[in-house]
Structure formats: structure tokens, C-alpha cells
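Chain naming here is simple, since letters A, B, ... match the order of the sequence lines and numbering starts at 1 in each.
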Amino acid sequence: MSRYEPAQIEAKWQQAWDERQVFLARHDPARPKYYVLEMFPYPSGRIHMGHVRNYTMGDVVARYKAAQGFSVLHPMGWDAFGMPAENAAMATGIHPKDYTYGNIAEMKAQLRPLGLSFDWSREFATCDPEYYGQQQAMFIDMMAKGLAYRKAAVVNWDPVDMTVLANEQVIDGRGWRSNALVERRELTQWFFKISDYSGELLSALDGLTNWPEKVRVMQANWIGKSRGLQFSFTTHNAPEGFDRLEVYTTRPDTLLGASFAAISPDHPLAKHLERHDPAVAAFVAECRKGGTSAEALETAEKLGLDTGVRVLHPFDNSWDLPVYIANFVLMDYGTGAIFGCPAHDQRDFEFATKYGLGIPSVFVTEGTDEAPLAEAFVPMKSERVRYIRGFAGPDLQTGEEAVAAAIAHCESMGVGRGVTNYRLRDWGISRQRYWGCPIPVVHCDACGVVPEKKENLPIELPYDVTFDIPGNPLDRHPTWRNCACPACGAPARRETDTMDTFMDSSWYYARFTAPHAKTPTDAAEAAYWMNVDQYIGGIEHAILHLLYSRFFARAMHATGHLPAQAIEPFNALFTQGMVTHEIYFTLERQGQTIALEDHSSELARKVYHLPEDVEHREGGVFLRTTGQPVGVIPSAKMSKSKKNVVDPMNIIGAFGADTARWFVMSDSPPERDVEWTASGAEATFKHLSRVWALCSRIGDMPADHIGIGDADLTRATAKAVDEVTRAIESFAFNKAIAALYGFTNTLSRANASTAPMKQAIRTLAKLMSPMTPHIAEEVWAYQGGAGLCTTAPWPVADPALLVDDTVTLPIQINGKRRAEISVPVDMPAAEIEKLALADHDVVKFLAGQPVRKIIVVPGRIINVVV
RNA sequence: GCCCGCGUGGUGAAAUGGUAGACACAUGAGACUUAAAAUCUCCCGAUCGCAAGGUCGUGCCGGUUCAAGUCCGGCCGCGGGCACCA
């Protein structure tokens, strides 16, 4: 062993692992299984530091669990459908398929040198017909169960690209790519009935105790359960067939503050009026302009139109309210109609103010006649109390109590019933896109919408398509649409919409258990491998991907593709932080460089610089070329435009994979962001070099070494095993690494004999191996370890060695540390007490004061109270 | 607006209610060297002191406790999620 040369040893050991197929997942009923999965990547073509961190975390867990004796499944694949491939086709003319598979090959070539313990034999891409064909089969099964259905819905329509956009793809009311003003358009689309599972998806969150609380809260908010009253108004002056108006409210306790009723522009009554009244038609059209995105809604002014219809207050037939069409009422929540209570609702207040409607209050602050806006649940006095006596008296403390009482009261009066509503809407999956999984249905003039026969699957995407004009290439393909009706055999047309790519990632974890099965899953394999024991990925998937997957696992169970055990597919979830980097910039104004202090001057513009173009020296950061000072933005997300991206391939080239892996796991807790620094990377490399040097110098200790001897070395080793094991178990990789630093320092100072030293270094190698598997193998082999370090069992610490013979106890006087004593670990408390009070420093501090109390916590601390 | 989470040295961070700052980065000092690099050693919260040592210190104010970074209440600041959801 000479110098630490990662390039050589890393390639060597990767080859050794491959040849022995040590990462092949084996279905072995005799052993417990462990399924660790990192969220699979979109094949952009380049890996980034986020991938390195994500996959290293999974790799640490996988290697650790394998060493613990588990049969480990650690697969990798590609989330390969999606818009970037089509955008690339439009921009460069490369076919999405060639683009995607080319990127996969490139990314795989970049992942390989990291030495990750993936079972590549299970690899697949979601754009493989073998994969999406099974997805089509499940779609057909879901149709049969009523879990997939068609309905008309209002969507964001990009008139330039001629496709539906997701809300996230609408920015300031414009398409994110085309920049065209997005329209609200009603289209018939495919939906999954995720709303059937709202209650269960919510309540089952309680069982996900190994998920981050944050994610569970976000999902709970997204599902959005509310309890309220649904009742119908009797209408007056309404068109035929509309003699009742059904509304939903979560605040039935404020019914007496009613001032108006309002319906959505998409409400059946609005649609009816639209056909007969040009003013209504114009107003409704106005409302439909502008997208359904959050931004569009936020800036939208409250608009309303009086329909002339009136409704009677349910508590008082002599009291009637106007009915408005209002742009802020959503058709797909509740009943699409509300009662307006301006005194107790901000929106209703704005609306009532704008249209000059009354603002009657239910609650009046004691001692005044004023009713503060939205100040509910205060003791009330009002002549209208007669209506609500019995359900909102002063004894009600909380809003929930008042609502529950109000519902009960209304029900007893025969006014409506208590209803639980969810915010979660059905999942619209139709996309007018080429690069996605074709929806396997056929439109027949005679039979209507008919599912494709399963023996005809996969319905493959045609290769001969063009991207020179906007819209869906499948729509204008000359022949692909043409087919025979699966029901009657007559000429028919294929559906040209493809599925939302979130569907591809909603079941891939299940497919990994039997990636080449002729059905979506294999019952025996799924029974053995499911669930995923540890899932690792970014917080950005906290809602959509994870919620869709939870729904889809249930749908797969309902259609016989997953066992009941797997309806919550991820036993434990870990959301890792980002890898960040400083941003370096100078300032320019009108092309001229200006001083950093002038940042407030008008038209000052930041010019960003690459990390390699700046140098850190005393006094700050400076540009290498001109020496001028550079501004620094600390710890920012890596982004090409800010020029603060670090390419993992450059790091691996300069320092090796082990350095990259060790660095991204060290310092910061895994759930937090970690800042990449050049000095940190170098320091990591130096540390690994020290381990290397330590290893090669055994038996060659300097004579004057004053470090620990054999017995202490054994204890130190046991403690390192204990610390590292517990840290990895609790996902505290930064602490595992801190313990390994400490152990390495101890070893480098040890003055032990050769055999125990070699044993200790082999243990060090094994403890390091989940993080830095290559150098671990090399050290292991050099120190005479049997077989591969990777397949060696995880060491177990002898509990007896974890306890020292003597222990140093701090002595506090009135809570302040004043002295310490060293005592045998098993000394009785009474004796410790005696020793402590006799201690020279204690005597000095007490200065004769009487001791009122003394607390001895064995092995911990002594506190003397005077 | 509603719902979460977080505030500890120059920096990243440790700390079952029990010695705050482990481990590391940066800075500084020193050794080796003709020199530099590499390597090694030491210091490294603030403050008073020659020193021994003292005092203060985990965003702020209060509380519980023999003992609080940790638990409770109230503020302040930062970050994240959701949002015409009736």
C-alpha cells in the first residue's frame, strides 16, 4: 500500500462486487427481508449532488441491513415519461424515445462509479412497453371497478400548446412554456376516484408512525376534512326544476347572519340561466376567463351578478335573501352553492361590501352593540337569539362545539343534516401529450367508450410522429387511432390522451418486486417483498406522489394486484435535505462593474461566477482573474443560472466516490440541507488518506507512542461499534461519521500490539463500509479480513465492554459545577455522597454552610444544595 | 389568513431533564523543510485575571425543577406548506 488512489481501488472493488453478484436481491423465505428504496430519478441525462446524497443514504441503509443478515432488495429504475422529452423533441428534433433512452444510458454510466449496491437486474424504465402495458392492464381493471371514470371538468387549457396544464404549470395565468394566457375550459377527462378513499387516506395517516410528522400534516391538510351542515333553501322566482337550492356550510352557527346566497358560475342553475339570459351568459363567460391556478385566483376580484332568484331563510319564512352568481364559489366543493354571512367570513364580507348587501351579526360583544368581524363564539345578545337558543348558548367554549350543537339543532328542526366533506378532489389523469402511457380505451360509434382487450396490450406508442407543430402528435398520426372496437369489431378510434406521469410512479415500487412478471405484480413476490421498509426522497413529493401512491396501492389491492398488507406501501419514509452551495456574484450597472456596496443603486444587476473562478483568502472572496471582491450568498439551492452547481462527476474524478459519499453524509443531519464546500471535500479526502496511512503503518509504531494499550483499544472498539450502530439505526449518519472520526483518532494514537490493532482496523473498515465501501474493502483485505468486507457480518459490541470501571462524576453546588470525583462505577450512592462532601473543592466552596439536600444520580452527576 | 417546523461559537453541528459546544470546517500559533506543498502538534463562546480561577452565555420575558438548550406559558425573528374549500 502506498498512496491512497481512489480511482484504482474503486473500479477494482466494483468489479469484484459485480462478479460475485453480491447485490442481487434473493427471495429467501428463511431470512427476513428488507426493502429499501430511493425515489427513482427522471432521466435528465446528468446526475447531480442531490442524487448522490439520496442514493448514498439508501445505500448506507441497504449495506447495513445486508450486513445484519437481511435479504435486501435495493432496486433502481427510471421515471422516464414526461414533458422534458417532448420539449427536447420540439427544440432539437430528437425523438423523445431516443432522447430518453440516451439519457438513461448516460445517467447509468454516471451512477455506476458511485459504487451503489443496486440490484441492476431489476432495472426498468416506465417508458418500457413491458412496464406501461401492465399499467394499462391495471387501468382496465380499475375501470371495471369504477375507480377510473370519465367526466367533464374545468381545466387549464393552453391555447398555444393545445394541451391541458396542471395547476403547477400555470404561472401568473400563463402557460409556463408557451407564455399564452391560460383559459378555463370544460373537457371530458379521465379521473381516478381517489375521493372514495378520502376518509381512509386521512385516518390511516395515524398509523404511519415512521413518517415525518411534517409530511403527515401536509397530507392531512391536503385531504382537508370538514364537518358542516348541508341543507336546502326554498327558492322564489326561480326557473322550473330549481325550487330548492342545496348549500353546504361549516358554520351553521352563523346561519342567522345570512345576507345572501351565492352559486358557482358552473352551478346547474347558473348554466340554466345562462341559456336564457344574455347578461348571465356574459357574466359567466367573464368568470371562466383566467385560469384556475392559485395565482389567478388570488388576484381575482370578487365578482357577482344578482340572478333575481330569492331564497327563504330556513328559520324564518318571512325573511328572504338574494341569490348571486359569484366567481369565488367553486362548483366542486360542497354543493357549489353557499349562504353568505358577511359578518363572520372575510370573503362574504368583501362581497357584501362591494354589492351593498347587509351585514347582520350573530354575535355581539358583551357590553357593546358592535359585532367585530369574524369574532365568533363570544357570549351573545341579540333579538335573534330566539332562533338559536339551545344550540349556541354561552356555555359553548369552542367553535367545534358550537358547530356540532348547531348541526344537532338544525337536524332536530328538520333543516338539513350533518355532512363531512373533503377538499381532496378526484385525480384527473388525462394529458394531451405524446410521451406518456396511452389510455387503453377505444371510442366506438355504436358501443361508446370501450376498454381495450387485455390480450392486445400493450397499446404501444407509435414511433413515427412529428413535433413541428403544437398539440398532441397522437391526434394527427395518420393511422394510429384507427382500430377495431373490442366489443363489436366495427372500425373505431383509439383514445389519444395519455396518462399523467404521476401514475407511472404510483406503483413502480410494487413492480420492482417482480419486474418482468406477465401480470402487473406476482403474488408470491409481492407477499415476500412488500412493503417498502424504508423509502427515501425529497420533501417536494410530500403530497402528490406519496398520496397518489397510497391511493394506488389501495386501488391495486381492490383489483387484486397487491395483498392487503401492502395498502400502505411505505412503512417508513425519510425526506432528505438538499445539497446547497454558496453563490458568488459581482455587480454591474449598464455593463460596467460597480462596487458591491452599491447594491442599492438602480439598475444594479448581479453577475454570477463559477466556484472555480473565485478564491477564498484572508479578508473575503475574490475573483481569480481581476482580484476584485466577490459577494457571497450562503447555502443556496444549486442552480445553473446562479452558477453554483457542483458536478458529482468532477468530484469523483478528483477525489473518488468514497469522498463524495462521505462528505454528503457528514456534518449536517440528513433531513437538513448540507452545504457543499471545496474545503470540506478536500478535508474528507485527507481524512480517508489518514485512514489509509493508519492502515499501512501497523506494526511500525513509533517507540515513544503514548496512546492507549490493548485493553483500552478493545473498549474503544466496542464503543465505536455501539455508537455507529445506534446512529445508523436512527438515521443520524452525521453522528455515525463523527463517531468514526473519533475512533480513527483513537486508533492513530494507539500503542497496541499488532494483532488487536489489525482487528480494530478491520472493525473500523466494516463500520465505514456503508458510507465508504471501496476504501473499506481495500483496508479489510490489507488487514487480512476474510472474504469481502461488504458481505462480512456487522460487528456486535459486547455490553460488558461498554461500561467503564470508573466514572468521573461532576459535583454541582446549587446547580453550578464546582468539582469532580472519580469513583468505581458500582459504588453505592451513600458512599459517593460521603466522598463528594469530603472533596477538597467542595469543602472549600461550602465554607461551612449546612447542606440541605444532596442528590446523587449514579453514573451521572451529584448536586449539593445549601 | 390558516397549519406546521426551527432559533446553540466565525461556520456545519453535538448534547436519555444531569459537566453546553462532541465531531468537523475556517482562522491563528508552532514543528519539520533551504523554501513551498504535504504532514504533524497546539489554541480556538464572551469577559475579568500574570495565573489559579471567577462571572456571563443556547432568540427575548416569565414559570416548573435540586438541576432547563431540552418541559410549560407568552413574545420576537426566520423557514416551509396550504389557501376564494364556504
For this session: Give the rounded distance in Å between these two atoms: CE of A/Met331 and C1' of B/A86.
Result: 13 Å
For this session: Going 5' to 3' through nucleotides 17-26 of chain B, assign each nucleotide B (protein heavy atom under 4.0 Å from a base atom), S (under 4.0 Å only from sugar-phosphate atoms) or - (no protein heavy atom that close).
Result: -BB--BSSSS
For this session: Using distance alone, with no hydrogens and no angle criterion, decide if A/Asp426 and A/Ser195 have a side-chain donor and acceptor under 3.5 Å apart.
Result: yes
For this session: Determine, step by step, whether A/Asn863 and A/Ile854 satisfy the side-chain contact (heavy atoms from CB on, under 4.5 Å) criterion, reporting the C-alpha distance in whole Å, the side-chain angles of both residues, the deciding distance to 0.1 Å, and the verdict.
Result: CA-CA 6 Å; A/Asn863 195 6; A/Ile854 179 162; over 6 Å; no
Exercise. Expressed in angstrom and rounded to an integer, what is the separation of A/His840 atom NE2 from B/G53 atom P?
Worked result: 11 Å
Problem set entry | Chi angles and distances behind the side-chain contact (heavy atoms from CB on, under 4.5 Å) call for A/Phe260, A/Phe351 | CA-CA 10 Å; A/Phe260 62 94; A/Phe351 190 82; 3.5 Å; yes
For this session: Using the C1' atom as the reference point in each nucleotide, state the distance between B/A14 and B/U19 in Å, no decimals.
Result: 14 Å
Problem set entry | B/A22 and B/A13, which share atom name C1', separated by this distance in whole Å | 10 Å
Problem set entry | Aromatic ring pairing A/Tyr324/A/Tyr355, orientation class (parallel under 30°, perpendicular over 60°, tilted between) | tilted
Exercise. Rounded to whole angstroms, how far apart are CG on A/Leu330 and C1' on B/A83?
Worked result: 11 Å
Exercise. Expressed in angstrom and rounded to an integer, what is the separation of A/Lys637 atom NZ from B/G79 atom P?
Worked result: 16 Å
For this session: Please measure how far the P atom in B/C25 lies from the corresponding atom in B/C40, and state the result in whole Å.
Result: 11 Å
Problem set entry | B/G7 to B/U58 separation - P atoms, rounded to the nearest Å | 14 Å
Exercise. Angle class for the A/Phe655/A/Phe685 ring planes (parallel below 30°, perpendicular above 60°, tilted otherwise)?
Worked result: tilted
Exercise. Between A/Glu246 and A/Gln230, is any side-chain donor less than 3.5 angstrom from a side-chain acceptor?
Worked result: yes
Seminar exercise, completed: The Watson-Crick or G-U wobble partner of B/G69, with both key distances under 3.5 Å, is none
Problem set entry | 5' precedence on RNA chain B between A/Ala337 and A/Ser666 (nearest-nucleotide basis) | A/Ser666
For this session: Classify the nucleic acid contact of A/Phe845 as base, sugar-phosphate or nothing, counting any heavy atom under 4.0 Å across all strands shown.
Result: sugar-phosphate
Exercise. On the ring face of A/Phe328, is A/Lys302 found with NZ or CZ under 6.0 Å from the centre and within 45° of the axis?
Worked result: yes
For this session: Could you let me know what B/A86 is paired to, Watson-Crick or G-U wobble, both distances under 3.5 Å, or none if it's on its own?
Result: none
Problem set entry | Same-atom distance (C1') from B/U11 to B/A26, integer angstrom | 7 Å
For this session: Can you tell me the distance, in whole Å, between the CG atom of A/Asp673 and the P atom of B/G12?
Result: 12 Å
Problem set entry | Syn-anti status, with the boundary at 90° from 0, for the nucleotide B/G53 | anti
Problem set entry | Toward the 5' end of RNA chain B, by each residue's nearest nucleotide, A/Glu213 or A/Asp348 | A/Glu213
For this session: Could you tell me which nucleotide pairs with B/A51 by Watson-Crick or G-U wobble geometry, both distances under 3.5 Å, or answer none if nothing does?
Result: none
Exercise. Out of B/C4, B/C82, B/A14, which nucleotide sits closest to the side chain of A/Val217?
Worked result: B/C4
Exercise. What integer number of Å spans the C1' atoms of B/G12 and B/C66?
Worked result: 35 Å
For this session: Could you work out the separation of B/A68 and B/G80 based on their C1' atoms and round it to a whole Å?
Result: 28 Å
Seminar exercise, completed: Any strand, both distances under 3.5 Å, Watson-Crick or G-U wobble: B/A24 pairs with B/U11
Problem set entry | P gap between B/C82 and B/G73, integer Å | 28 Å
For this session: Could you tell me whether A/Val674 contacts a base, only the sugar-phosphate backbone, or nothing, with contacts defined as non-hydrogen atoms closer than 4.0 Å?
Result: nothing
Exercise. If we call it a pair only when both distances are under 3.5 Å in a Watson-Crick or G-U wobble match, what pairs with B/U39?
Worked result: B/A31
Exercise. Between the base of B/C6 and the side chain of A/Arg672, is there a donor-acceptor distance below 3.5 Å?
Worked result: no
Exercise. Can you tell me the Watson-Crick or wobble partner of B/G5, both distances under 3.5 angstrom?
Worked result: B/C78
Seminar exercise, completed: To the nearest angstrom, the CZ-C1' distance between A/Arg3 and B/U39 comes to 13 Å
For this session: Determine the contact category for A/Lys816: base if any of its heavy atoms lies under 4.0 Å from a base atom, sugar-phosphate if only primed atoms, P, OP1 or OP2 are that close, otherwise nothing.
Result: sugar-phosphate
For this session: Would you indicate, yes or no, if B/C4 has its OP1 or OP2 atom less than 4.0 angstrom from a side-chain nitrogen or oxygen of A/Lys214?
Result: no
Exercise. Which part of the nucleic acid, if any, lies within contact of A/Arg818, taking any heavy atom under 4.0 Å across all strands shown: a base, the sugar-phosphate backbone alone, or nothing?
Worked result: sugar-phosphate
For this session: Figure out the CZ/P separation between A/Arg423 and B/C3, and round it to whole Å.
Result: 15 Å
Problem set entry | A/Pro669, nearest nucleotide to its side chain (from B/A14, B/C3, B/C85) | B/A14
Exercise. A/Tyr333 and A/Ser226: side-chain donor and acceptor closer than 3.5 Å?
Worked result: yes
For this session: Please give the nucleotide sitting opposite B/U19 as a Watson-Crick or G-U wobble pair, both distances under 3.5 Å, or none.
Result: none
Exercise. Roughly, in whole Å, what's the span from NE2 in A/His541 to P in B/G80?
Worked result: 18 Å
For this session: Please give the nucleotide sitting opposite B/C56 as a Watson-Crick or G-U wobble pair, both distances under 3.5 Å, or none.
Result: B/G45
For this session: Please confirm whether A/Arg3 makes a cation-pi placement over A/Trp692, using NZ or CZ under 6.0 Å from the six-membered ring centre and within 45° of the ring normal.
Result: no
Problem set entry | Carboxylate-amine/guanidinium contact A/Arg818 A/Asp841, below 4.0 Å | no
